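Notes for the one structure printed next.
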Amino acid sequence: MTPPSEAGRKQRTRMSPAARREQFIVLGRDLIKRVSLDRVSIESVAQAAGVSRGLVFHYFSSKQDFHLALASAQADELLAATAPDDSLGEPIEVLRASIGSFIDFITEHRYAYAAFLRGSVSGEHEMRRIIDDSRSVIADRILARTDAFGVTSTPAVEMSVRGWIAYVEEVALCWLDRPVIARAQVLDLMVNSLFAIATVTDAGGGVDTVTDAGGGVDTVTDAGGGVDTVTDAGGGVDTVTDAGGQT
């Protein structure tokens, strides 16, 4: 049993301002793993911390301010979780691991991810800045590796990669709402779509023919000397053939 005097000292231990603020953010992020964002209030965080509502307001001027702090912390954690691990070797494996980590992250933080991305929080300008900054980091990571993927980094490719991020976000939201396909299929969809978009853009000749034969894109023909054929055999891109003889 803890002596009364020691228990009293523990109760009187003061946290530094930075540690106390971090405690509230951690508690808030824990709450939004289990409930929707609109239910994460200053009162609920104060109750979880065992402190007064006024103390939480000492660190966050409003509920909106607190939600922005949660969004910023989540963006930092997402970027850390999806950081490329070059020790995996092949660039495609590095990419797959990063996107796999993204899927796992949004699965664990589904309520917060959906709420922040859909802009259900007030303070839209600041929220957009946090989300846009996160998108830029992810895009820059991919563009820094285009040579390894056999793609030339051009303004058109850069635009396509940034557009692909918006596509991935929408796929993620749809999957969180209706998980009608397996995680592995979502991963293949995200990875294969990046290569399809970036490679066709890099070809420079434009896509002339797109043929769909029952559930997947079977052939993409480019008359400009780039990608001639993209073959899909049951849900994922199996073969990409280049007119120059490379696959």
Side-chain angles (χ1 to χ4, degrees), residues 75 78-103 105-106 117 128-175 184-213 216-247:
L78 172 62
L79 292 176
T82 58
D85 181 3
D86 292 323
S87 69
L88 295 175
E90 291 296 323
I92 183 62
E93 294 305 321
V94 175
L95 177 66
R96 288 184 67 85
S98 291
I99 298 179
S101 296
F102 167 76
I103 294 172
F105 184 91
I106 66 169
L117 204 57
R128 282 200 303 270
R129 181 190 61 77
I130 292 169
I131 293 173
D132 286 345
D133 287 350
S134 178
R135 289 169 176 158
S136 291
V137 171
I138 294 171
D140 289 344
R141 287 172 175 174
I142 295 171
L143 292 168
R145 290 167 169 77
T146 51
D147 287 346
F149 296 138
V151 176
T152 303
S153 183
T154 65
V157 167
E158 179 179 348
M159 186 180 299
S160 296
V161 168
R162 296 188 189 280
W164 171 80
I165 292 173
Y167 164 80
V168 165
E169 291 173 348
E170 187 59 30
V171 168
L173 291 176
C174 289
W175 186 64
Q185 291 176 284
V186 177
L187 177 59
D188 285 342
L189 185 62
M190 291 178 175
V191 173
N192 294 337
S193 62
L194 174 61
F195 282 102
I197 293 170
T199 307
V200 170
T201 303
D202 184 40
V207 176
D208 296 316
T209 305
V210 178
T211 304
D212 187 323
V217 174
D218 292 316
T219 305
V220 177
T221 304
D222 186 330
V227 174
D228 291 317
T229 305
V230 179
T231 304
D232 184 325
V237 174
D238 296 316
T239 306
V240 179
T241 306
D242 187 293
Q246 295 183 344
T247 299

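Please read these numbers as outputs of a predicted model, since none were measured by experiment. Keep in mind that the numbers below use all heavy atoms, side chains included, and drop hydrogens, waters and symmetry copies. Sequential numbering from 1 along the given sequence is applied to the chain's residues.
Atom CD1 of residue Ile106 and atom CG of residue Leu78 lie 9.0 Å apart, to the nearest 0.5 angstrom. Of the inter-residue distances, the one linking Ile103 atom CD1 with Trp175 atom CH2 reads 6.0 Å to the nearest 0.5 angstrom. Considering OG of Ser136 and CG of Leu143, their distance stands at 10.0 Å, rounded to 0.5 Å. The distance from atom CD of Glu169 to atom CG of Leu117, rounded to the nearest 0.5 Å, is 4.5 Å.
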- Report the C-alpha distance between Leu194 and Val168 in whole Å, list the side-chain angles of each, state the deciding distance to 0.1 Å, and finish with yes or no for side chain to side chain contact (heavy atoms under 4.5 Å, CB included). CA-CA 9 Å; Leu194 174 61; Val168 165; over 6 Å; no

- Task: Begin from the C-alpha positions of Leu187 and Phe102 and carry the test side chain to side chain contact (heavy atoms under 4.5 Å, CB included) through to its verdict.
- Result: CA-CA 9 Å; Leu187 177 59; Phe102 167 76; over 6 Å; no

- Message: The test is side chain to side chain contact (heavy atoms under 4.5 Å, CB included); show your working for Arg96 and Leu88 and say whether it passes.
- Response: CA-CA 10 Å; Arg96 288 184 67 85; Leu88 295 175; over 6 Å; no

- Message: Could you go through Arg162 and Asp140, starting from their C-alpha distance and side-chain angles, then the distance that decides it, and tell me whether this counts as side chain to side chain contact (heavy atoms under 4.5 Å, CB included)?
- Response: CA-CA 9 Å; Arg162 296 188 189 280; Asp140 289 344; 3.1 Å; yes

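Considering only heavy atoms from C-beta on, Ile138 comes within 4.5 Å of Leu79 through its side chain. Between Thr154 and Met159 there is no side-chain heavy-atom pair separated by less than 4.5 Å. Val157 has its side chain out of reach of Thr152: every pair of non-hydrogen atoms, C-beta onward, lies at least 4.5 Å apart. Side chains of Arg145 and Leu95 form no contact here, defined as non-hydrogen atoms less than 4.5 Å apart.
Counting only N and O atoms by type, the side chains of Arg141 and Ser98 include no donor and acceptor under 3.5 Å apart.
The residues Asp132 and Arg129 are annotated as not salt-bridged, no charged nitrogen and carboxylate oxygen being separated by less than 4.0 angstrom.
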